[in-house]
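Okay, structure first, notes after.
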Amino acid sequence: MIKLTRHFYTRDVLEVAPGLLGKYLVLQTSGACNKFLITDVEAYRGTDDLACHASKGLTKRTEPMFRQGGILYIYLIYGMYYMLNIVTSTENNPQAVLIRGIEGCNGPGKLTKKLGIDQSFNREDLIDSNRIWVIDTNNTVSYKTSPRIGVDYAGDYWKNLHWRFYI
DNA sequence: AGCAAGATCGGT
DNA sequence: CCGATCTTGCTG
């Protein structure tokens, strides 16, 4: 099983997000190497998407999303939970995939706690990193879609798009 | 400098 | 449904 390359991530988030389903997130921590099947993701796409943090423009927080795909965008929400996002597309085209679930663990806040992912992972490059990356599989998965979770504030149009993809 | 809200979660 | 908990971004 091969580590995903830059090309995988520099595509549009609506291709990358469902493409991550069935692949393995790999964590190398203190001697142990663990892999987790990705089962639930959401797409956040560009400055027009009112649910996407990039709709606020380029800020200190959202800056990682404006970079080339393949790096992580981590932020703290509700003062308690780190959210794990994978940046996609090309520079100055802010998009990201929120990892909502892995096999045996539902919820973006719960999974970062379980995996020990904190702010130090912000901007980590999945191609270069020696502690986190994603590997391809031969899995052919069928998936469902739904509106994104927790974005009612984004207005009727953006909150109702089926940009959540899950197994 | 102050404030309201948030890509959540677990307990009533 | 509600509180925990604190950073962010907007307003003044």
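Just the heavy atoms: all of them, side chains too, but no hydrogens, waters or symmetry mates, feed the values below. To find a chain, count down the sequence lines: A is the first, B the second, and so on, and within it residues start at 1.
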Exercise. Any side-chain heavy-atom pair from M1(A) and Y24(A) closer than 4.5 angstrom?
Worked result: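 They are in side-chain contact.
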Exercise. Does some side-chain heavy atom of Q28(A) sit less than 4.5 Å from a side-chain heavy atom of I132(A)?
Worked result: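 Heavy-atom side-chain distance check fails, nothing below 4.5 Å.
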For this session: Could you tell me whether K3(A) and D136(A) have a side-chain N and a carboxylate O separated by less than 4.0 Å?
Result: no
Whole angstroms only, please: what is the [atom1]-[atom2] distance between [X] and [N]?
X: Q119(A); N: dT8(C); atom1: CD; atom2: P; result: 7 Å
X: D40(A); N: dA7(B); atom1: CG; atom2: C1'; result: 12 Å
X: Y81(A); N: dT7(C); atom1: OH; atom2: C1'; result: 16 Å
X: I86(A); N: dA7(B); atom1: CD1; atom2: P; result: 19 Å
X: I77(A); N: dA4(C); atom1: CD1; atom2: P; result: 17 Å
X: R61(A); N: dA5(B); atom1: CZ; atom2: C1'; result: 10 Å
X: E42(A); N: dA7(B); atom1: CD; atom2: C1'; result: 6 Å
X: K113(A); N: dT5(C); atom1: NZ; atom2: P; result: 12 Å

For this session: May I ask whether Y44(A) stacks on the base of dA7(B), given the cut-offs of 5.5 Å between ring centres and 30° between planes?
Result: yes
Problem set entry | Taking every non-hydrogen atom, the tightest pair across Y9(A) and V16(A) | O-CG2, 4.1 Å
For this session: Please determine, for the side chain of L76(A), which listed nucleotide (dA7(B), dC10(C), dT7(C)) has the closest atom?
Result: dT7(C)
Problem set entry | Nearest-angstrom distance, P atom, dT5(C) to dG2(B) |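 Those two atoms are separated by 22 Å.
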Using a 4.0 Å heavy-atom cut-off, does [X] contact any base of the nucleic acid, only the sugar-phosphate backbone, or nothing at all?
X: G79(A); answer: base
X: R148(A); answer: nothing
X: M80(A); answer: base

For this session: Could you state whether Y44(A) and I86(A) fall into the same hydrophobic cluster, counting links through intermediate Ile, Leu, Val, Met, Phe, Trp or Tyr residues with side-chain heavy atoms under 4.5 angstrom apart?
Result: no
Taking only side-chain nitrogens and oxygens of [X], does any of them come within less than 4.0 Å of OP1 or OP2 of [N]?
X: R100(A); N: dT8(B); result: yes
X: K110(A); N: dG10(B); result: yes
X: Y153(A); N: dA7(B); result: yes

Exercise. Counting only Watson-Crick or G-U wobble pairs whose two distances fall under 3.5 Å, which nucleotide matches dT5(C)?
Worked result: none
